[in-house]
Trainee: 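For reference, the structure I am asking about is given below.
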Amino acid sequence: MVGSFKKKSTHLKMKVFKFGGASVKDAKAIQNAVKITDSYEGPIVVVVSAIGKTTNALEDLWSAFVSKDKKSTSEAFKKIVDFHQKLINELFQNRFEATHLFEKTVSQLSDYLNKESNNSLAFSYDQIVSYGELWSTIIFSGCLVSNSLNAKWMDARKIIRTSDHFQEARVNWAVTKELVQSSILKAFNNEPLLRCVVTQGFIGHTIDGYTTTLGREGSDFSASILAWATNADEVLIWKDVPGLLNADPKEFENTVKIDQISYKEAIELSYFGASVIHPKTLKPLQNSNIPLFLKSFLDPESEGTVIGSEDSADFKQASYIYKKNQLLISISPKDFSFILEDHISEIFGILSKAGVKVHLMQNSALNFSICASMKKTMLEPLINRLSEKFSVKYNEQVDLLTIRHYKNHKFPEKLKDKKVLIKQRSRSTLRYVLS
Ligand code: ASP
Ligand code: MG
């Protein structure tokens, strides 16, 4: 008998970590995240968001820049750079090997801000706001190295290829996979001692090399894109909560942690507005059957929640998703004609142009209602546009409560006195619009 021999496996047991802004908010938090990373074997792709509330601060900088307010621009810029510089001083005591890279990126942003810009608002948003992730990863990767972890910083603007829909760019999956192959996977294959590749969440690049962003809170999505493209074994998202809970503990008492949940159920929850995971995150993982662990960076030993393909293990207790400050819009044709497909498609065209996120819909013969959220500044132009053709009524600041698996639910005490504007019930979901 001819002896069988095994082909040497080239499969890397890859993990993807994602640290959000809160998990790296100051020197102590960063050191904790480094310790967590060090407690796992490589190879690990570490995706990091901007530090703390840096993205909000960069949005303010962008607002100052686009309103051509030179003084506010330079003050906001200085404040953000000083914040990072102070953190670097605290973490590295003069041994920061990435000083050059940090300074280079600081002066790139400074150059951009000092030029007159005729670019679109969305374009300049991406060119400015992307620096939060560049700086957090330069610092984080520097910390891994100074703790003797073999880590490499990589620029996601050379790896994640997107469309040129600035501020909400769409991923080019095929090109991204090739770029991941020739960067991240190549590095791990060529350097057996390499433990971590550190790269940015939230950002990518167009075919012309311009920086793009994937939408606010998009770093979870970046982690899942990279997990898909590296064919990782698992994704771990480090959070300040113990996992996925059946309600937001800031709003409700006696919340329960969900230990295990299917992709399908988790997609439903995030669609209804559960804010623990970015809604786009799960699809690429589901497609390649890569489990996602949500774990607490405050208690890294505890189990957390695993999101995977096991339907039978689904959590069937009631989950509560509560969204405040929603908008309820009621639309009816002015001539008493029925609300038909062509009306609805026209309405959706208008809503989509105004960047409205629709969370619930209801229609009758003469009326079409939506509960939605949108940028406040877009409300007036939206109502004007809709009013050209329809009679429009709206309420601001309504609440949307979704109860998933409502069979044995208790209606939340704190919402008992609210008025029910809409109630919708399906087999597994009960929804209320309240005011
Ligand atoms: N830093 C970006 C944001 O705050 C992306 C993220 O945190 O996921 O929106
Ligand atoms: Mg962030």
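Predicted model only: the values in this text are computed from it and were never measured. First listed ligand is number 1; within each ligand, the first listed atom is number 1.
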Trainee: Do Lys18 and Trp238 form a cation-pi contact, if we require the NZ or CZ to be under 6.0 Å from the six-membered ring centre and within 45 degrees of the ring's axis?
Mentor: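 Because its charged atom misses either the 6.0 Å distance or the 45° angle limit, Lys18 does not stack over Trp238.
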Trainee: Is the terminal nitrogen or CZ of Lys414 (NZ for Lys, CZ for Arg) located under 6.0 angstrom from the six-membered ring centre of Phe252 and within 45° of that ring's axis?
Mentor: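 The answer is yes; both the distance and angle limits are met.
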Trainee: For ligand 1, give me the residues whose heavy-atom distance to it is below 4.0 Å, by chain and number please.
Mentor: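 Those residues closer than 4.0 Å to ligand 1 by some heavy atom are Ser49, Ala50, Thr55, Glu133, Phe202, Arg216, Glu217, Gly218, Ser219.
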Trainee: Of Phe102, Phe19, Trp135, which meets ring pair (Phe, Tyr, Trp, His ring centres under 6.0 Å) against Phe140?
Mentor: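 For Phe140, the ring pair (Phe, Tyr, Trp, His ring centres under 6.0 Å) check succeeds only for Phe19.
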Trainee: Salt bridge or not between Glu265 and Arg404? Use side-chain N to carboxylate O under 4.0 Å.
Mentor: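 Salt bridge: yes.
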Trainee: Taking side chain to side chain contact (heavy atoms under 4.5 Å, CB included) as the test, write out the residues that go with Asn289, two or more places apart.
Mentor: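 By the side chain to side chain contact (heavy atoms under 4.5 Å, CB included) rule, Asn289 matches Tyr263, Ser309.
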Trainee: Does Phe65 have its ring centroid less than 6.0 Å away from the ring centroid of Tyr112?
Mentor: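 For Phe65 and Tyr112, the ring centres are under 6.0 Å apart.
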